[in-house]
Amino acid sequence: MKIYSRKPRQEGIPLVPMLDILTILLIFFIVHTELKHRVNVINLDLPRTHHLAGKQDNADAVLLELGPDGSIVLDGKALGAADLPEAVRRLRQANPSASIQFAASEAAAMGRFIEVLDCLTSAGLRVEQVPVRIDYRGK
């Protein structure tokens with residue numbers, strides 16, 4: 001008479017405990033993960049002209065203006081963005097002591113503002129050399 005019979009040994013990896021552990025880990029990571037939202041807009045609080053009160057001390061200063069519609073005016077002459085680096089180079093060759101002051105409209109697009117600064121950089125100016133004023137009208 002046989003009371004105890006030995007079960008044959010199972011071969012392989014036990015999947016049920018492994019699935020339990022994976023489920024617990026998945027729940028842990030879902031609960032502790034912070035969802036980050038993609039931000040496409042940069043909010044900048046730029047200084048406005050009424051904050052930068054003062055008069056123009058340099059007689060050789062040349063004004064570079066960026067209009068609300070994205071138009072670029074250098075020393076009273078309308079230019080395209082592609083023509084700006086060459087015009088700045090010619091201006092600096094004609095008068096090396098001339099300084100450029102950049103006045104931008106508050107309504108101008110930020111992308112256009114950065115594009116003008118890139119043009120000044122490609123013309124050989126450092127951005128730190130060009131004072132920037134944001135034209136603020138009303139409100």
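Remember, it's a predicted structure, so these values are computed and weren't measured experimentally. Values below: all heavy atoms of this structure, side chains included; hydrogens, waters and symmetry mates excluded. FYI, the numbering just counts along the sequence from 1.
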Worksheet entry | Nearest-0.5 Å distance, OG of residue Ser99 to CG of residue Leu63 | 10.5 Å
Worksheet item: Between atom CG of Leu120 and atom OG of Ser122, what is the distance when rounded to the nearest 0.5 Å?
Response: 7.5 Å
Fill in: Contact check, side chains of Ile100 and Leu125, non-hydrogen atoms, under 4.5 Å
yes
Discussion item. Using every non-hydrogen atom in the two residues, find where Ala108 and Gly67 come nearest and quote the distance to one decimal.
Written reply: CB-O, 3.5 Å
Taking only residues two or more places apart in sequence, or in another chain, which ones meet [X] in a side-chain contact (heavy atoms from CB on, under 4.5 Å)?
X     : answer
Leu19 : none
Pro68 : Ser105, Ala107
Ile72 : Leu64, Leu66, Ala81, Leu84, Arg112, Val116

Worksheet item: What residues join Ile30 in its hydrophobic cluster, counting side-chain heavy atom gaps under 4.5 Å, either direct or through other members?
Response: Leu26
Item to complete: Linking directly or through intermediates, with side-chain heavy atoms under 4.5 Å: list the remaining ILVMFWY members grouped with Val16, chain and number order.
Response: none
Within [range] or reaching into it, pairs that qualify as ring-ring contact (aromatic ring centres under 6.0 Å, His included) - sequence neighbours excluded:
range           : result
residues 62-84  : none
residues 75-94  : none
residues 71-112 : Phe102-Phe113

Worksheet item: Residues two or more places apart in sequence or in another chain: which of them pass side chain to side chain donor-acceptor pair (under 3.5 Å) with Ser71?
Response: Asp69
Fill in: Those residues that, when tested against Arg92, pass salt bridge (charged side-chain N to carboxylate O under 4.0 Å, His left out) (two or more places apart)
none
Fill in: For Phe29, all residues meeting ring-ring contact (aromatic ring centres under 6.0 Å, His included), sequence neighbours excluded
none
Worksheet item: Pairs in or reaching into residues 74-86: which pass side chain to side chain donor-acceptor pair (under 3.5 Å), with residues at least two apart or in two chains?
Response: Glu86-Arg89
